[in-house]
Amino acid sequence: MSTRLEHLDIHPLRDELYNELHSRPFQVLPTPARVTQMAILTTPEQRREQFRHLQELHRLLGYPVPEEEVGCFEQTFGTLKVRREMHMEFASYTFTNLAESSADPFTETGITPLPEGWLEQLAGTVIAAFHVDIRPSSHDAASDLAFVRQHFEGLRLVGSSPQEGAARIWGTFKLHSDGFGRFMVQNHHMSNSQLGRLTQRLMEIETYRLMSLLALPVAREITPSLNDMDQKLAVITQALADNQDVDEQQLLGELSHIAARIEAFRAHSTFRFSATRAYHRLVLTRLEALREDELSGHLTMTEFMTRRLTPAVKTCEAVSERLEDLSRRVDRASDMMRTRVELAIQSQNQQLLSSMDRRSRIQLMMQHTVEGFSVVAISYYLIGLLKLGLDALYDSGVEFNKTLVLGIAIPVVMVLVFLGIRIVHHHFIKMARRQ
């Protein structure tokens, strides 16, 4: 009884995840063959333009035009095979010329069968372009080496024998007079599938090493500015360490300026430095997969990359780490400056509070003095009102000693006024304490 999935909840990306491992299959290459690969940096608009350009190639060669763009496109036009792969930053084109030819290496290449003028209209910025000539080995190492030397324009060769001597790879990792790099693969006894995998790794090594070096000019460009900011930061930090009398506001402004420049450099370079590390790891992985053996008197590709590429990548990593370290140091210096400013503000606030406290005590004493005067003033007016009332009562025929009554009323009124003012005063104090 077979298991059925139609009633189960299937993840929408399940098919895509299964197909991802098969999205870029290795090529199958015969011997001989001539391969040209180009890696082209592209923008989203240029990628769309490239697909339209690829459709135009189908029209020119009389083949059905593809309607949908895919991550890895491959089409064979007779003896010409075209493969286009989309990567994060670039698109790679692999042109394979399968036509029989007795011509010398690199006189005919993978792009020879392309229609006239088509390649020149390809959108994007070329970062890598090189030819790979695949031919059988004569099994005579000396004659093979003499043959190879004739076709690399006298440049110093890098060579190795991968896969336990199943083939030999030669290259210079330099541009030649035609503007392309060159590699030659001499096949001893590899099958077409093995040769395709070997060539694919070789092309990836060359492309990824160039992509990994894109960060080196950026690192060289920002290093002088980092040196300048490092010196300024050292001066500021030393001034703080010596507890010098400095202008905190000015130093905070300088630190803010340095921090802004650092963040601008990070925004400009962080992705590039991260990509360099990723591409470098890919290069090392592909080199490890080659399983190279040394050819007498020549650097292997692994030795060449370790000696030349790794220091460049380490330089980029050092600049990246220096940016991060400088950013942390600026943050710490800014924290110290803010602490100094806060302490200064607290000291000023303490002095201000002490001054306010003194003023409050003075105001309180003045208030008590005013309260005494207010008792006399209020009592005076009340006694005046009382005298008017006593006069009116006496004139109405009531007999009493006005002077005696008024004399007794004066202290009584003053005591009552004083008690009334104190009650109001204590009431306001209680309200203030509740707040």
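We number each residue from 1, following the sequence as shown. As a basis for the values below, the full set of heavy atoms in this structure was taken, side chains included, without hydrogen atoms, waters or symmetry mates.
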* Using modelled atom types only, decide if a donor and an acceptor are shared between the side chain of Arg182 and the backbone of His151 within a distance under 3.5 Å. => yes
* Asked: Is the side chain of Gln350 donor-acceptor paired with the backbone N or O of Ser347 at a distance under 3.5 Å, no angle test?
  -> no
* Asked: Relative to each other, are the rings of His53 and Trp118 parallel, tilted or perpendicular (30° and 60° limits)?
  -> parallel
* To do: Report yes if some heavy atom in the side chain of Val185 is under 4.5 Å from a heavy atom in the side chain of Asp133; otherwise report no.
  => no
* Report yes if some heavy atom in the side chain of Met211 is under 4.5 Å from a heavy atom in the side chain of Leu41; otherwise report no. => yes
* Looking at side-chain heavy atoms only, is the closest gap between Ser269 and Leu323 below 4.5 Å? -> yes
* Got a donor-acceptor contact below 3.5 angstrom from the His11 side chain to the Leu13 backbone? -> yes
* **Heavy-atom donor-acceptor pair, Gln186 side chain to Pro136 backbone, under 3.5 Å** => no
* Decide yes or no on side chain to side chain contact (heavy atoms under 4.5 Å, CB included) for Met301 and Leu287, but give the supporting numbers first. => CA-CA 7 Å; Met301 297 177 66; Leu287 287 171; 3.9 Å; yes
* To do: State plainly whether the residues Glu69 and Arg47 are in salt-bridge range, i.e. N to O under 4.0 Å.
  => no
* CD of Gln55: more than 12 outside heavy atoms within 6.0 angstrom? -> yes
* To do: Test side-chain hydrogen bond (donor to acceptor under 3.5 Å, both in side chains) on Glu204 and Gln200 and set out the steps.
  => CA-CA 6 Å; Glu204 289 174 349; Gln200 184 70 26; 3.3 Å; yes
* Hey, are the side chains of His58 and Phe77 touching, using non-hydrogen atoms and a 4.5 Å cut-off? -> yes
* Asked: Are side-chain heavy atoms of Phe90 and Thr125 found at a separation under 4.5 Å?
  -> no
* Without swapping roles, check the side chain of Thr199 against the backbone of Leu195 for a donor-acceptor pair under 3.5 Å. => yes
* Asked: With side chains defined as the heavy atoms from C-beta onward, is the minimum distance between Leu233 and Glu254 less than 4.5 Å?
  -> no
* Counting N and O atoms only, with roles assigned by atom type, does the side chain of Glu303 sit under 3.5 Å from a partner on the main chain of Thr300, one being a donor and the other an acceptor? -> yes
* Asked: Stepwise, does the side chain to side chain contact (heavy atoms under 4.5 Å, CB included) test hold for Val132 with Thr36?
  -> CA-CA 6 Å; Val132 181; Thr36 298; over 6 Å; no
* Structure fact -> Contacts of Glu321 meeting salt bridge (charged side-chain N to carboxylate O under 4.0 Å, His left out) (sequence neighbours excluded), chain-then-number -> none
* **Donor-acceptor contact below 3.5 Å, side chain Thr112 vs main chain Glu108** => no
* Ser161-Glu292 side chain donor-acceptor pair, cut-off 3.5 Å -> no
* To do: Check whether any side-chain heavy atom of Gln194 sits under 4.5 Å from a side-chain heavy atom of Arg197, and report yes or no.
  => yes
* Asked: Would Leu198 and Ile169 satisfy side chain to side chain contact (heavy atoms under 4.5 Å, CB included), going step by step from the backbone distance to the final call?
  -> CA-CA 10 Å; Leu198 174 66; Ile169 299 176; 3.7 Å; yes
* **Ion pair check, Arg83 and Glu85, cut-off under 4.0 Å** => yes
* **Any pair counted as ring-ring contact (aromatic ring centres under 6.0 Å, His included), so long as it reaches residues 253-281, sequence neighbours left out** => Tyr208-Tyr279
* To do: Report the C-alpha distance between Leu145 and Arg168 in whole Å, list the side-chain angles of each, state the deciding distance to 0.1 Å, and finish with yes or no for side chain to side chain contact (heavy atoms under 4.5 Å, CB included).
  => CA-CA 10 Å; Leu145 179 56; Arg168 289 181 178 174; over 6 Å; no
* Find out whether Pro105 and Phe147 are in side-chain contact, i.e. whether some heavy atom of one side chain is under 4.5 Å from a heavy atom of the other. => yes
* To do: Classify the angle between the aromatic ring planes of Phe183 and Phe130 as parallel (below 30°), tilted (30 to 60°) or perpendicular (above 60°).
  => perpendicular
* **Salt bridge Glu67-Arg52, side-chain N to carboxylate O under 4.0 Å** => no
* How about Arg307: does its CZ atom have over 12 heavy atoms from other parts shown lying under 6.0 Å from it? -> no
* Under 3.5 Å, is there a donor-acceptor pair linking the side chains of Arg358 and Ser354? -> no
* To do: Let me see the working for Glu288 and Arg201 under salt bridge (Lys or Arg N to Asp or Glu O under 4.0 Å), right down to the final yes or no.
  => CA-CA 10 Å; Glu288 184 179 355; Arg201 293 188 184 107; over 6 Å; no
* Donor-acceptor contact below 3.5 Å, side chain Asn97 vs main chain Thr109 -> yes
* Residues, nucleotides or ligands: over 12 heavy atoms within 6.0 Å of Gln150 CD -> yes
* Just by distance, do the side chain of Ser212 and the backbone of Arg209 share a donor-acceptor pair under 3.5 Å? -> yes
* Asked: Angle class for the Phe304/Phe173 ring planes (parallel below 30°, perpendicular above 60°, tilted otherwise)?
  -> parallel
